[in-house]
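Just so it is clear, the structure is predicted and the values come from calculations on it, not from any experiment. First listed ligand is number 1; within each ligand, the first listed atom is number 1.
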Amino acid sequence: MRIGVDYYPEHWDRALWAADADLMQETGVELVRLAEFAWCRLEPQDGVFDFAWLDEAVALFAERGIDVVLCTPTSCPPMWLYEKHPDIVQIQQDGTPIRLGIRGHRCVTNPTFLEYADRITVEMARHYAGNPAVTGWQIDNELEAYHCCCPHCTEEYRAWLTAKYGTVENLNRAYGNVVWSGEYSAWSQVAPPVGTYPHAWLNPARMLDFYRFCSDSVIDFINRQAALLRKHCPGRPVTTNVWFCEYMQDFYKTFENLDFLSYDNYPSATVPANSEECYSHAFHLDLMRGVKRGPFFIMEQLSGGTGCWGPMGRQPLPGMIKGFTLQSFAHGADAVLHFRWRTATVGAEMHWHGLLDHSNVPGRRFREFADLCSAVREIKPLRDTAIKSDVAILMAFDHEYAFKIQPQTNGYYYLEQLQRLHRAFTALGLNVDIIGQHEDLSGYRIVCAPEMYVTDSAVVERLHRFAESGGTVILTTRSGVKDEHNNCIMAQLPGPYRDMVGAHAEEYNPIGYDSTPIVFDDGAVMDARQWCDILVCDTANVLARYNAEYYKGSPAITRNAYGTGKVYYIGVVGTQPVYDRIARTAADEAGLDTVELPDRVELVTRTGDGVRARFVFNNDDQPKAFALDGREVALEPFEMKVLTD
Ligand code: GLA
Ligand code: ZN
């Protein structure tokens with residue numbers, strides 16, 4: 001559990017470097033990340049390398065016992081490279097090249113770019129192989145599965161499809177290309193989906209493969225860099241930093257060959273007044289821990305008010321800088337690096353605030369950061385404790401992509417139901433893992449499988465076996481809708497899950513921004529939003545029925561006994577109380593050890609050799625007082641306490 005910062009020596013006068021390093025050391029910084037955008041300084045001319053300035057910076061940190069994570073600078077090729085090879089930029093879906101002056105605009109399949117990217121990577125790796133201060137590598141920065149339509153991507157895309165389908169006839173069949181006369185008669189006709197019209201006009205099967213291809217392309221680039229780093233700078237762990245963005249590559253595949261995951265964590269600095277709104281970043285943290293099922297880095301952490309591509313936002317409230325970092329450690333982060341040490345005085349991001357303001361005079365946020373550094377020293381002994389969870393939530397990028405391609409109804413988005421289930425179970429004080437849908441389910445008692453939209457038969461099979469042998473499965477609406485190509489399955493929903501659910505939908509009603517009441521067996525009335533599956537029970541019992549509309553009285557939520565286990569089916573998108581109620585029922589039924597927590601108080605239980613540590617965190621701007629394990633606990637806004645037995 002280490003605290004670090006993101007630092008840009010190339011942005012600052014050299015006279016500041018030593019003082020910065022001194023202050024870092026004095027404050028308790030143990031790690032710095034350097035150089036992810038510094039290509040123009042590392043290779044100022046084609047084939048002319050200059051590592052002297054970076055050596056100097058690395059040495060300043062090393063002398064002060066601060067470890068360095070170096071980055072490959074391939075996110076921002078230098079201007080001379082664009083001048084020589086203007087074709088290395090991405091081509092957007094409207095056919096126009098991305099304009100220069102920003103970052104991340106190179107195409108990662110372009111062979112010329114790859115040649116140069118390989119060369120700078122190898123040069124850096126060799127140069128730092130003998131330097132023990134460099135303890136790890138970050139590949140590029142926030143790579144995304146961009147939808148590039150350049151000639152190289154077109155060629156790669158064809159090759160990817162040829163490898164998958166063999167012939168255009170197979171491809172036509174898989175995609176249903178007969179619709180609108182979309183059948184290909186030769187591979188030369190196959191190209192990335194271009195045009196300015198919305199995705200909705202394009203064949204969803206074609207689009208899903210295109211998303212998968214774009215994800216694979218960027219992962220190939222990551223693996224290529226990882227191989228070079230490992231070869232030329234052996235023994236240093238390699239990672240890349242991801243975030244929740246528009247074009248996410250498949251995180252599960254991204255990190256298969258990397259040593260650990262890194263995530264950029266920017267929780268909101270405002271506390272939502274509406275209790276329906278998601279207030280916690282714990283979901284993201286649990287999801288990131290679940291990718292490699294182990295500790296991860298926060299490579300960038302909120303340090304000040306945001307702003308630069310939009311108007312500036314509020315400063316983090318007192319307690320947030322310390323609290324959100326401790327929350328990250330509780331959920332499995334092994335290092336948290338703050339973005340950034342000092343707010344830039346130049347460049348596009350001069351209004352994205354770091355720990356220090358433009359003045360360079362330590363202020364409120366910096367003092368809180370210093371306090372955080374001391375607090376971390378105290379929890380370090382708990383580093384090797386494990387987060388064991390009885391509850392898992394399944395996630396997959398196929399669903400994320402398919403819902404993006406075809407929004408289901410107004411207001412619907414994939415991660416919402418995962419978030420609501422996560423919130424419902426964590427509110428009971430339970431640890432929750434969010435894991436890839438292909439993961440082994442053994443060891444869990446309850447597996448939430450929300451919106452299993454794009455069907456993978458191995459996953460269907462595993463969920464059946466899990467329930468059959470005594471587990472609880474919670475399935476939701478929009479499951480079993482599509483086959484693996486993103487075409488509709490000709491069966492009553494939830495298709496391949498129908499037997500375990502013990503109910504089927506006779507019809508569904510996408511109600512968008514409207515809501516409609518559902519009533520539980522004890523008379524409790526709650527709201528369904530966005531979607532209504534009008535269910536008929538085969539063998540299941542009804543937990544809630546619709547209380548309005550032409551399907552008043554029809555089942556909306558059911559529970560079925562399957563093998564020695566149980567299967568819940570939530571046929572609506574609910575408001576939060578719906579998920580809270582199902583989580584409570586399922587947890588009690590499974591005999592899980594739950595606790596009462598005040599609203600917005602979170603608990604992570606970590607266990608080790610004879611130790612049980614309860615990390616309790618107040619994710620609210622109001623103080624809280626409550627009893628836990630027979631003890632009175634008082635928490636200030638955004639305060640974390642660790643209670644050990
Ligand atoms: C991202 C990037 C950083 C910086 C921050 C804040 O996380 O990785 O380089 O742009 O956002 O804007
Ligand atoms: Zn391209």
Side-chain angles (χ1 to χ4, degrees), residues 5-8 10-11 33-39 69 71-77 85-93 95-98 102-114 117 138-160 191-194 210 213-218 220-221 239-248 262-269 284 288 297-313 316 336-344 347-355:
V5 295
D6 300 308
Y7 188 64
Y8 300 88
E10 70 277 19
H11 294 180
R33 183 193 67 174
L34 304 176
E36 76 274 23
F37 301 123
W39 196 342
V69 174
C71 308
T72 60
T74 45
S75 171
C76 296
H85 301 285
D87 66 318
I88 66 166
V89 294
Q90 290 167 43
I91 305 293
Q92 304 172 100
Q93 284 187 287
T96 59
I98 292 192
I102 50 160
R103 61 177 179 181
H105 36 357
R106 72 281 177 260
C107 170
V108 298
T109 73
N110 181 292
T112 314
F113 168 73
L114 288 173
Q138 172 187 304
I139 290 170
D140 204 284
N141 188 68
E142 290 191 345
L143 280 154
E144 295 177 30
Y146 310 102
H147 289 187
C148 177
C149 299
C150 80
H152 303 287
C153 287
T154 304
E155 210 175 293
E156 295 284 324
Y157 172 61
R158 276 184 203 142
W160 188 95
V194 287
F210 185 61
F213 158 74
C214 293
S215 173
D216 283 358
S217 292
V218 74
D220 281 351
F221 175 68
T239 187
T240 191
N241 55 336
V242 295
W243 65 303
F244 283 90
C245 56
E246 181 66 12
Y247 297 112
M248 287 183 279
S262 298
Y263 168 55
D264 294 346
N265 190 36
Y266 292 100
S268 170
H284 296 79
M288 293 302 163
F297 269 38
I298 302 283
M299 228 19 131
E300 298 180 16
Q301 171 85 3
L302 180 78
S303 301
T306 59
C308 58
W309 33 81
M312 285 183 256
V336 179
L337 288 80
H338 286 250
F339 185 89
R340 47 190 280 160
W341 174 249
R342 182 171 40 244
T343 314
E349 293 202 323
M350 58 172 72
H351 289 152
W352 193 286
H353 295 80
L355 294 166

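Residues Arg33 and Asp6 are paired through a salt bridge, judged by an N-O separation under 4.0 Å between the basic side chain and the carboxylate.
For the atom pair OH of Tyr146 and SG of Cys245, the computed distance is 8.0 Å after rounding to the nearest 0.5 Å. Rounding to the nearest 0.5 Å gives a distance of 6.5 Å between NE2 of His147 and CD of Gln93.
Numbered from 1 in the order shown, with element, the atoms of ligand 1 that lie under 4.0 Å from a heavy atom of Asp264 read 7 (O), 8 (O). Remark: ligand 1 atoms within the under-4.0 Å shell around heavy atoms of Asn141 are 2 (C), 8 (O), 9 (O). Here is the list of ligand 1 atoms found below 4.0 Å of a heavy atom in Phe37: 9 (O).
At least one N or O atom of Glu142 sits closer than 3.5 Å to an N or O atom of ligand 1. Every N/O-N/O distance between Glu36 and ligand 1 stays at or above 3.5 Å.
With Arg106 contributing its side chain and Gly104 its backbone, the two residues share a donor-acceptor pair below 3.5 Å. A distance-only check finds no donor-acceptor pair linking the side chain of Glu144 to the backbone of Met248 [under 3.5 Å]. Side-chain atoms of Ser75 do not come within 3.5 Å of backbone N or O of Asp140 as any donor-acceptor pair.
Of all heavy-atom pairs between Glu10 and Ala38, the closest is OE2-CB, 3.6 Å.
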(request) May I have the step-by-step check of side chain to side chain donor-acceptor pair (under 3.5 Å) for Ser262 and Thr239, ending in yes or no? (result) CA-CA 6 Å; Ser262 298; Thr239 187; 2.9 Å; yes
(message) Glu142 vs Asn241, test: side chain to side chain donor-acceptor pair (under 3.5 Å). Steps then yes/no.
(response) CA-CA 5 Å; Glu142 290 191 345; Asn241 55 336; 4.7 Å; no
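Coordination check, Cys148 versus the Zn ion (ligand 2): passed, since an N/O/S atom of the residue sits under 2.8 Å.
Ligand 1 has no atom lying under 4.0 Å from any heavy atom of Trp243. At least one heavy atom of Arg103 lies less than 4.0 angstrom from ligand 1.
The nearest heavy-atom contact from the protein to atom 10 (O) of ligand 1 is Glu349 OE2, 2.4 Å. Summary of contacts: the protein heavy atom closest to atom 6 (C) of ligand 1 is Trp352 CE2, 3.2 Å.
Nearest to atom 3 (C) of ligand 1 by heavy atom, out of Glu300, His353, Arg340, is Glu300.
To the nearest 10 degrees, the Zn ion (ligand 2) sees SG of Cys150 and SG of Cys107 at an angle of 110°.
Residue-level proximity to ligand 1 for Thr306 is absent, since no heavy atom of it falls below 4.0 angstrom.
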